[in-house]
Protein chains: 2
Amino acid sequence: MTEAPARKRLTDAAIDAFAERGFHATTTRDISTRAGMSPAALYVHHASKEQLLYEVSSSGHIECLEMIRAAAATSADPVQRLANMQFAFTRYHATHTAGARVVQYEIAALTPEHRREVAGYRRDIERVYHEAITDGVEKGVFDVQDVPGVSLALISMAIDLVRWYQPQGARTPESLGRIHAQMALRSVGVTHEVAPEETPAD
Amino acid sequence: MTEAPARKRLTDAAIDAFAERGFHATTTRDISTRAGMSPAALYVHHASKEQLLYEVSSSGHIECLEMIRAAAATSADPVQRLANMQFAFTRYHATHTAGARVVQYEIAALTPEHRREVAGYRRDIERVYHEAITDGVEKGVFDVQDVPGVSLALISMAIDLVRWYQPQGARTPESLGRIHAQMALRSVGVTHEVAPEETPAD
DNA sequence: GTCTATAAGCAGATAGAC
DNA sequence: GTCTATCTGCTTATAGAC
């Protein structure tokens with residue numbers, strides 16, 4: 001159990017600081033102090049405050065995309081797949097609140113080029129939902145008129161909890177995941193109960 | 001059609017600036033310039049940048065609370081009421097994106113006292129949903145195990161669209177309202193279709 | 001790789017003329 | 001009530017010693 005390298009200590013500190021106070025309200029001194037370093041040490045490892053945000057934001061987007069793709073690959077049955085996806089997507093946002101808050105709310109602080117890159121990851125995430133719901137409609141088990149509209153609403157349901165969720169509260173990531181999974185199935189017209197298969201959380 | 005008073009020009013400019021860039025990234029010079037005034041003019045009408053945020057945030061919270069209470073009063077039938085509420089709540093967030101963004105995402109920038117005040121309005125909004133769903137459960141027309149959990153998820157669905165909604169896009173506030181209203185009914189176990197009654201938008 | 005010291009600029013807020 | 005000018009402090013980022 002050795003101490004984390006300085007570079008990762010800084011990105012971890014940046015995640016917490018950006019999540020708590022927002023990018024613009026966070027000072028580079030705040031980040032370096034949280035990482036146990038002097039203000040100047042930050043610039044040995046990162047070119048600028050925006051670059052630090054970009055690293056946090058892009059790696060967070062990629063992690064989230066891989067997570068939802070893994071969840072979408074857990075079952076060939078549309079009903080079970082959507083339940084697993086909504087459970088995993090919700091649990092992820094409840095367990096990675098700090099990182100997800102930076103991912104979701106600090107896009108405007110990125111440079112235009114960096115913003116374009118992460119916008120691509122976001123479209124990829126929407127596409128996973130879109131395809132899963134389309135699959136269920138085509139197989140005749142889902143009843144949905146507006147597939148993109150329902151996709152966005154299901155994604156919103158999970159993402160918005162990073163705005164208010166607090167780990168010390170009564171709700172666990174798994175309990176929220178089960179509620180949202182049931183609401184997802186009901187939203188696409190599946191009336192019977194299907195328990196989500198809980199893939200191991202990282 | 002006379003020009004708006006300086007005070008309102010400033011709060012309107014602050015809503016746009018805070019919504020576009022966030023509280024901390026917005027400068028008082030940005031606000032006063034948008035309102036067509038010099039930097040010093042802002043302080044004739046508002047004590048500080050935080051006071052300006054507080055006025056925007058509290059009036060926005062109160063407006064939203066009154067809107068959802070009005071929607072909850074449109075029908076005594078739990079099914080029709082929930083449909084009307086989710087339609088109105090969604091349409092409101094799509095038509096008041098800028099103000100709602102400040103309301104939802106800039107709470108951390110308020111002083112602790114101001115934050116406590118708006119937290120009360122937020123609980124009131126949740127309570128309106130909570131009571132509407134409880135009413136449907138007690139009358140035997142809704143099937144919901146976790147009433148607060150479903151309430152929060154329905155609220156999240158509408159609120160999160162201020163994160164991504166753009167008026168120039170293809171979706172109208174009304175089309176989003178109808179999708180969300182149907183998803184709300186399905187989420188509480190109502191399987192038949194009920195069109196939301198559209199109260200006039202302000 | 002870390003530190004101290006500091007440069008250069010911009011922020012919120014105020015003073016005082018008109 | 002609006003302006004110009006300015007104060008004061010804090011920000012990002014860099015220089016250079018160890």
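Residue numbering restarts at 1 for every chain, and letters A, B, ... go by the order of the sequence lines.
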Distance test, side-chain N/O of B/Tyr43 to OP1/OP2 of C/dA13, below 4.0 Å: yes

So, is A/His45 near the phosphate of C/dT2, with a side-chain N or O under 4.0 Å from OP1 or OP2? yes

Output the rounded distance in Å from CD (B/Gln51) to P (C/dT14). 13 Å

Could you tell me how far apart A/Leu42 (CG) and C/dC3 (C1') are, to the nearest whole angstrom? 14 Å

Residue B/Ala41, side-chain heavy atoms: nucleotide from D/dT11, C/dC3, D/dC3 that is nearest: D/dC3

Calculate the interatomic distance between B/His24 atom NE2 and D/dT11 atom P; express it in whole Å. 12 Å

Select base, sugar-phosphate, or nothing to describe what B/Thr26 touches, counting heavy atoms under 4.0 Å on all strands. sugar-phosphate

In plain terms, say whether B/Asp124 and B/Arg127 are close enough for a salt bridge, that is, a side-chain N and a carboxylate O under 4.0 Å apart. yes

Can you check whether B/His46 has a side-chain N or O nearer than 4.0 Å to OP1 or OP2 of C/dA13? no

State which residues pass side-chain contact (heavy atoms from CB on, under 4.5 Å) with A/Arg21; sequence neighbours excluded, sorted by chain then number. A/Ala25, A/Thr26, A/Asp30, A/Arg34

A/Tyr54 side chain to A/Glu50 side chain, donor-acceptor N/O pair below 3.5 angstrom: no

Could you check whether any side-chain N or O of B/Arg91 sits under 3.5 Å from a backbone N or O of B/Thr199, counting only pairs where one atom can act as donor and the other as acceptor? yes

Which atoms of nucleotides 5-7 of chain D (N or O only) lie under 3.5 Å from a protein N or O atom, and what are those distances?
none

For D/dT2, does OP1 or OP2 lie under 4.0 Å from any side-chain N or O of B/Ser38? no

Lys/Arg N to Asp/Glu carboxylate O, A/Arg178 vs B/Asp146, below 4.0 Å: no

Rounding to a whole Å, what distance do you find between A/Glu50:CD and D/dT11:C1'? 17 Å

Which one, D/dT11, D/dA13, C/dA13, comes nearest to the side chain of B/Lys49? C/dA13

As a quick check of understanding, evaluate side chain to side chain contact (heavy atoms under 4.5 Å, CB included) for A/Val147 and A/Phe142, giving each step before the final call. CA-CA 10 Å; A/Val147 173; A/Phe142 292 173; over 6 Å; no

Taking 4.0 angstrom as the limit, do B/Lys8 and B/Glu55 come out as a salt bridge? no

Specify the separation, in whole Å, of atom CG of B/Leu10 and atom C1' of C/dG12. 15 Å

